[in-house]
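Here is the structure we will look at, set down as structure tokens.
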Amino acid sequence: MADPHALVTGANRGIGLALVQQLLASGHRVVATCRQPGRATMLNPLAGEYPGRLHVLPLDVAEPKSHTELVRELPLVLGEDDDGAPGRLDLLVNNAGVLHSGERFGSLTAANFDDSFRTNALGPLLLAQALAPLLADGARIVNLSSRLGAISLAERFGTPSYNMSKAALNMATVLLARALEDRGIVAIAISPGWVRTDMGGEDAEVAVEDAAAGILGVAAKLGAGDSGRFVDWRGQSVPW
Ligand code: NDP
């Protein structure tokens with residue numbers, strides 16, 4: 001059987017890059033997408049290490065036109081499976097995300113919300129819709145959410161554009177699960193923990209390699225009954 005094919009968004013740094021490294025090491029073929037492939041100085045050298053197994057393609061998740069361009073290019077990259085049928089994606093990781101820090105009640109403006117919703121919530125939903133014909137039946141969709149998107153855990157005022165967009169992503173995940181269940185496709189929202197990346201900062205609790213390994217471990221064990229769940233990187237349920 002051909003090696004599974006994964007697509008990761010926001011793959012040039014942080015959790016996305018660690019996911020790509022680990023997926024390649026575990027035998028996946030990977031489509032790594034990022035806004036500016038020409039500047040992906042960590043990602044591009046990997047293509048030399050894994051010839052023919054890693055393709056780096058441009059994608060701005062906040063721009064539906066960019067989704068269309070990706071969908072046009074992907075069949076060339078996915079090739080054909082062992083039976084000569086068009087290749088399909090077995091795993092889609094909607095990892096790209098943005099956090100506007102420093103928001104204060106009293107000076108909120110629409111711009112951060114526009115950006116956060118387009119990137120963190122609408123982007124993953126529309127991308128999954130655009131890629132649906134290229135997903136294998138039984139594929140997995142993993143949406144990088146956050147405990148900050150859990151309404152029941154909101155104890156203080158902070159980063160509202162981020163928190164609200166991740167709450168919207170959680171709803172998008174449940175709806176995606178419903179939309180694709182007939183094809184056996186499982187969609188989950190996952191909280192990666194507080195991770196040492198540009199977004200999480202250097203004081204964060206979890207090393208990026210551990211977060212990535214946890215996410216991929218959860219993804220590998222998903223069954224049909226998990227679709228629409230919100231879990232953490234150790235597989236524990238997170239309240240909505
Ligand atoms: P980073 O800030 O380190 O990296 C974010 C990535 O997303 C970058 O590759 C960035 O690309 C990409 N990105 C942002 N906007 C877009 C866009 N419009 N189109 C394509 N790519 C985009 O974040 P992390 O690696 O820490 O986070 C990854 C995911 O995990 C995010 O969804 C985040 O919300 C989530 N998460 C992270 C936590 C943490 O503690 N780190 C905690 C909870 C959730 P570019 O380099 O071009 O800016």
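Ligands are counted one by one from 1 in listed order, and the atoms in each one are counted from 1 as well.
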Considering all heavy atoms, the nearest Leu54-Leu43 contact: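 Looks like CD2-O, 4.0 Å.
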
At their closest point, which heavy atom of Pro192 faces which heavy atom of Val195, and how far apart are they?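 Looking at all heavy atoms of both residues, the closest pair is O-CG2, 3.3 Å.
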
Might you list the protein residues in contact with ligand 1, defined as having a heavy atom under 4.0 Å from one of its atoms, sorted by chain and number?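 The 4.0 Å shell around ligand 1 contains Gly10, Asn12, Arg13, Gly14, Ile15, Arg35, Leu59, Asp60, Val61, Ala62, Asn95, Ala96, Gly97, Thr119, Leu144, Ser145, Ser146, Tyr162, Lys166, Pro192, Gly193, Trp194, Val195, Thr197, Asp198, Met199, Gly200.
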
Audit row: Glu103, Leu108, side chain to side chain contact (heavy atoms under 4.5 Å, CB included) steps and yes/no: CA-CA 6 Å; Glu103 293 174 327; Leu108 298 175; 3.9 Å; yes

Flag for Ser165-Ser116: side-chain donor and acceptor within less than 3.5 Å: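 No, because no side-chain N or O of Ser116 sits under 3.5 Å from a partner of the opposite role on Ser165.
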
Hydrogens and angles aside, do Ser237 and Arg229 bring a side-chain donor and acceptor to less than 3.5 Å of each other?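 Checked: Ser237/Arg229 side chains pair up, N/O donor to acceptor below 3.5 Å.
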
For Leu153, does the CG atom have more than 12 heavy-atom neighbours from other residues, nucleotides or ligands under 6.0 Å away?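 Atom CG in Leu153 is packed in, count exceeds 12.
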
